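As the structure is a computational prediction, the values presented were derived from the model and not from experiment. So that the names make sense, note that chain A is the first sequence line, chain B the second, and so on, each numbered from 1.
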Amino acid sequence: MVTKYQSHVLQLFCYVLFRDSKNKTYRVTFINRMACEEESKFQSWIIKQEELKSKVIRDDIYEWQQKRKDVQKIGGMDLSFIKEKDSIACAALVVCQFPDFEVIYEDISMVPMTVPYIPGFLGFREAPPLVEAFARLRNKEPHLVPDCILVDGNGTLHPRGFGLASHIGVCCNIPTVGVAKNLYQMEDLGLLRNEDHKQKISEIKNPGDHFDLETTSGTILGLALKTSASSSKPVYVSIGHMFSLQTAAWIVYHCSKYRIPEPIRQADIRSREFLRINREKIADIL
DNA sequence: GCGACAG
DNA sequence: ATCTTGTCGC
């Protein structure tokens with residue numbers, strides 16, 4: 001088993017483009033390819049540098065701000081697991097109609113998990129099956145490809161500025177937003193679930209209220225957004241790919257019927273339900 | 001050496 | 001992520 005992640009192999013890079021907060025300049029964040037002690041386990045997930053470069057959009061950044069009125073479909077992704085086995089999971093990709101959130105497409109599949117969960121490296125574990133699901137959608141029902149995807153995990157709110165949501169955005173070449181249910185604590189950057197943080201949470205009371213998650217050096221990596229009047233916890237929104245933070249937050253806010261934005265919630269519900277219904281079949285495999 | 005750590 | 005019932009409240 002992989003127990004530590006200190007023996008990184010730093011060779012390849014992947015990129016994420018987004019508009020910065022002033023909506024003017026484009027920023028490029030990169031992540032170093034990393035590997036654990038069992039590097040071979042990561043080989044198949046390694047993103048080829050050239051492949052990624054060709055996928056990166058340079059001049060044609062998605063003009064969401066101007067397309068708001070034309071938003072028709074928003075995607076959601078999530079994975080569910082069973083307690084008995086860590087190496088099998090259920091992946092769900094759903095597409096919701098906007099703004100009523102009727103589910104117009106779903107792809108639920110059982111997938112083998114070969115990469116362990118390591119905080120900070122979630123993308124290497126969860127992105128592959130979701131990227132595959134998206135590829136199936138693009139092939140089978142191209143007219144149902146959503147305008148953007150909400151991902152259950154962080155984007156730029158990540159120690160290397162490149163979490164699961166960014167990973168998926170680049171691999172699928174589609175705008176993504178990162179939505180996490182808990183704050184990814186990064187002591188180096190001064191982002192902790194401390195008293196100060198709890199205090200700020202208590203100050204955002206109504207849906208739409210939010211505060212920035214700012215690094216000690218002044219970079220805003222994401223924001224805590226109150227989405228539900230009935231939950232005290234906010235969700236943590238960050239840029240995935242091809243979005244400004246403001247737009248990302250706008251989307252999450254407008255997708256939130258409950259605390260978790262509807263497309264992700266639907267993906268979560270459906271993947272869980274699939275596991276429940278097929279629990280006998282799955283038990284046979286164990 | 002120990003603790004912390006999105007899903 | 002997952003294990004877990006009812007229950008208090010709007």
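Between the CG atom of A/Leu191 and the P atom of B/dA4 there is a distance of 18 Å, given to the nearest Å. The nearest whole Å value for the distance from the CZ atom in A/Phe124 to the P atom in B/dA6 is 18 Å. The distance between atom NZ of A/Lys233 and atom C1' of B/dA6, rounded to the nearest whole Å, is 11 Å. Counting to the nearest Å, the P atom of B/dG7 and the CG atom of A/Leu79 are 13 Å from each other. Rounding to whole angstrom units, CG of residue A/Asn194 and P of B/dA4 are separated by 15 Å. Rounded to an integer number of Å, the gap from A/Arg272 CZ to B/dG7 C1' is 12 Å. Here B/dA4 presents its P atom at 15 Å from CG of A/Asn182, a figure rounded to the nearest Å. What separates CG of A/Asp188 from P of B/dA4 is a distance of 15 Å, to the nearest Å.
Residues passing the side chain to side chain contact (heavy atoms under 4.5 Å, CB included) test with A/Pro207 are A/Ala229, A/Tyr253, sequence neighbours excluded. For A/His197, the ring pair (Phe, Tyr, Trp, His ring centres under 6.0 Å) partners are A/Phe211, A/Tyr236, not counting sequence neighbours. Taking the side-chain hydrogen bond (donor to acceptor under 3.5 Å, both in side chains) definition, one finds that A/Arg193 meets it with nothing, sequence neighbours left out. Taking the ring pair (Phe, Tyr, Trp, His ring centres under 6.0 Å) definition, one finds that A/Tyr105 meets it with nothing, sequence neighbours left out. Taking the side-chain hydrogen bond (donor to acceptor under 3.5 Å, both in side chains) definition, one finds that A/Glu126 meets it with nothing, sequence neighbours left out.
The side-chain heavy atoms of A/Pro112 and A/Ile88, taken from C-beta on, include no pair separated by under 4.5 Å. In this structure, the side chains of A/Ile82 and A/Ile282 come closer than 4.5 Å at one or more pairs of heavy atoms.
A/Leu183 comes within 4.0 angstrom of the backbone, heavy atoms only, and of no base. Using a 4.0 Å heavy-atom criterion, one finds that A/Ser230 contacts no nucleic acid atom at all.
Identified under the salt bridge (charged side-chain N to carboxylate O under 4.0 Å, His left out) test for residues 248-265 of chain A, with sequence neighbours left out: A/Glu262-A/Arg265. For residues 200-216 of chain A, the side chain to side chain donor-acceptor pair (under 3.5 Å) pairs, not counting sequence neighbours, are A/Gln199-A/Glu203. The salt bridge (charged side-chain N to carboxylate O under 4.0 Å, His left out) pairs that include a residue from residues 107-122 of chain A are A/Asp107-A/Arg136, where partners are two or more places apart or lie in different chains. Applying the salt bridge (charged side-chain N to carboxylate O under 4.0 Å, His left out) test to every pair with at least one member in residues 171-187 of chain A, sequence neighbours left out, gives these pairs: A/Asp152-A/Lys181.
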* Structure fact -> Pairs under 3.5 Å (Watson-Crick or G-U), crossing ones as [ ], inter-strand ones as |: DNA chain B comes out as .......
* Asked: Where each pair must be Watson-Crick or G-U wobble with both distances under 3.5 Å, what dot-bracket representation of DNA chain C is obtained, with crossing pairs in [ ] and other-strand partners as |?
  -> ..........
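Counting 5' to 3', DNA chain C first comes under 4.0 angstrom of a heavy atom of chain A and last does so at the ends given by C/dA1 to C/dC3.
Here A/Tyr117 counts as stacked on B/dG7: its ring centre is under 5.5 angstrom from the base ring centre and the planes meet at under 30°.
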